[in-house]
2 protein chains.
Amino acid sequence: MDKRIKKSKRAIEEALISLMAENDFKDITIHSIAEKADVNRGTIYLHYEDKFDLLEQCIEGKIQKLLNFCLPEGSGSQPSKSSLLRIFHYLEEHSFIFHTLLTNKGVPTFRKKIVTVMKAGMKEQLELNGVNQHINKEILIQFLPSATISVIEWWIIESMP
Amino acid sequence: MDKRIKKSKRAIEEALISLMAENDFKDITIHSIAEKADVNRGTIYLHYEDKFDLLEQCIEGKIQKLLNFCLPEGSGSQPSKSSLLRIFHYLEEHSFIFHTLLTNKGVPTFRKKIVTVMKAGMKEQLELNGVNQHINKEILIQFLPSATISVIEWWIIESMP
DNA sequence: TCTAATCTGTTCATTATTAAACAAAAGCGG
DNA sequence: CCGCTTTTGTTTAATAATGAACAGATTAGA
């Protein structure tokens, strides 16, 4: 992708997150984002529909990056032992971003997105490894992600041990 | 000035300094600067003749910024008491840059430039305030800047108290 | 010394970003 | 409620940056 696009999007999304750390999402204007990102206001509309689409893409990107980093294809869906650990390391490394996305008022989207992704991931895991066959898979899939995300949420918000 | 130009030049000059902190100037290539700055190589030639011109402009810019910040026009060439203090604060704030520019092998330019600027500045000062009239001005002007810069040099290189 | 690799300047067409302007929509204080 | 300011989208022409290519210079190693 063109260097300029990468830089612009990075600046814009970083600005969004930094603003979200201090204001409710609803109070953030495209104007202020452009200012913070040191980018022409028009540039934002070049890549995003509006601020909701921006938040959407931003969240999507963060989740993708987390997954790509923590579940590298090479090892072919590793067992959860080491990958879970990697996830926690990654979250620690980028705690500011995830803390902001999780705690900002008026943005439940992020939590939902993660739960959805985890459901899919776990389903795949369970079908691959025939473990826990004596437990109802469906129930596990419904239950585990929410539980896990709650733990993660707690861990991040309490600024992790 | 166009936002894009500001950003490009800032990235390029920052890259240069960061590279100069770890390599002799002569070993630094335009290639590596472009890489570090995350900028197309051609962009550098859009604003600078070559790496020597880049260093030149970079140094010039740093000196100008220091002067503008420490000798604001409003107060009309203040006496040296507070402005000297401001200079030291500014140097402390930007110590990495000045340390790098002063210590990099093969770049005596920076020291010379500063001495030149100080000579001019002091001359003006002396002509304005009729102080020290009983001392030969010319000798002062020859002597003071070199002495001062030596102190500053020592102060910065020994990572200031 | 010869070769391969890297670096330098420069050119080109394409694309992204900019500044400036605009009308319309919100938001706000009196 | 009514002005006033800010924000939103969108458009325009102008300009800066990009990636790619190129020949020539320099460097490094065999």
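Throughout, protein chains are lettered first and strands after them, A, B, ... in sequence-line order, and every chain is numbered starting at 1.
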Margin query: Tell me the interatomic distance from A/Lys6, atom NZ, to D/dA17, atom C1', rounded to whole angstroms.
Written below: 14 Å
Next item on the list: Would you kindly check whether a donor in the side chain of B/Arg4 faces an acceptor in the base of D/dA17, or vice versa, at under 3.5 angstrom?
Entry: no
Margin query: For B/Phe98, does the six-membered ring have the charged nitrogen or CZ of B/Lys62 within the cation-pi criterion, i.e. under 6.0 angstrom from the centroid and within 45° of the normal?
Written below: no
Check: B/Asp50: what forms a side-chain contact (heavy atoms from CB on, under 4.5 Å) with it, not counting sequence neighbours?
Finding: B/Phe52, B/Asp53
Checklist line | Salt-bridge contact A/Lys113-A/Glu56 (side-chain N to carboxylate O under 4.0 Å) | finding: yes
Notebook entry, point to check: In terms of heavy-atom contacts, does NE2 of A/His89 have more than 12 from other residues, nucleotides or ligands at under 6.0 Å?
Noted result: no
Notebook entry, point to check: Should we say atom CD of A/Gln64 is surrounded by more than 12 heavy atoms from elsewhere, each under 6.0 Å from it?
Noted result: yes
Protein-nucleotides 7-10 of chain D N/O pairs under 3.5 Å:
residue, atom, partner, partner atom, Å
D/dT8, OP1, A/Ile30, N, 2.9
D/dT8, OP2, A/Ile30, N, 3.2
D/dT8, OP2, A/His31, N, 2.9
D/dG9, OP2, A/Tyr45, OH, 3.3
D/dG9, N7, A/Arg41, NH1, 2.9
D/dG9, O6, A/Arg41, NH2, 3.1

Next item on the list: Show your reasoning for whether side chain to side chain contact (heavy atoms under 4.5 Å, CB included) applies to A/Val39 and B/Lys3.
Entry: CA-CA 8 Å; A/Val39 148; B/Lys3 244 183 235 291; 5.7 Å; no
Check: B/Lys3 or A/Asp2: which one's nearest nucleotide on DNA chain C is closer to the 5' end?
Finding: A/Asp2
Check: Under a 4.5 Å cut-off applied to non-hydrogen side-chain atoms, are B/Ile114 and B/Leu102 in contact?
Finding: no
Check: More than 12 heavy atoms of other residues, nucleotides or ligands under 6.0 Å from NE2 of B/His47: is that the case?
Finding: yes
Next item on the list: Work out how much the helix from C/dT1-D/dA30 to C/dG30-D/dC1 bends between its end axes, five pairs an end, to the nearest 10 degrees.
Entry: 60°
Item checked: Contacts of B/Asn40 that satisfy side-chain contact (heavy atoms from CB on, under 4.5 Å) - sequence neighbours left out -> B/Thr43
Note to self: Is the shortest side-chain heavy-atom distance between A/Ile63 and A/Leu67 below 4.5 Å?
What the structure shows: yes
Notebook entry, point to check: From the 5' end of DNA chain C to its 3' end, which nucleotides mark the outer limits of contact with chain A, defined by a 4.0 Å heavy-atom distance cut-off (strictly under)?
Noted result: C/dT15 to C/dA21
Note to self: Counting the atoms with a prime plus P, OP1 and OP2 as sugar-phosphate, which does A/Lys7 contact under 4.0 Å by heavy atoms, base, sugar-phosphate, or nothing?
What the structure shows: sugar-phosphate
Check: B/Ile44 has an atom CD1; how far is it from atom C1' of D/dA16, in whole Å?
Finding: 15 Å
Notebook entry, point to check: Which pairs pass salt bridge (Lys or Arg N to Asp or Glu O under 4.0 Å) with one or both residues in residues 99-111 of chain A, sequence neighbours excluded?
Noted result: A/Arg111-A/Glu153
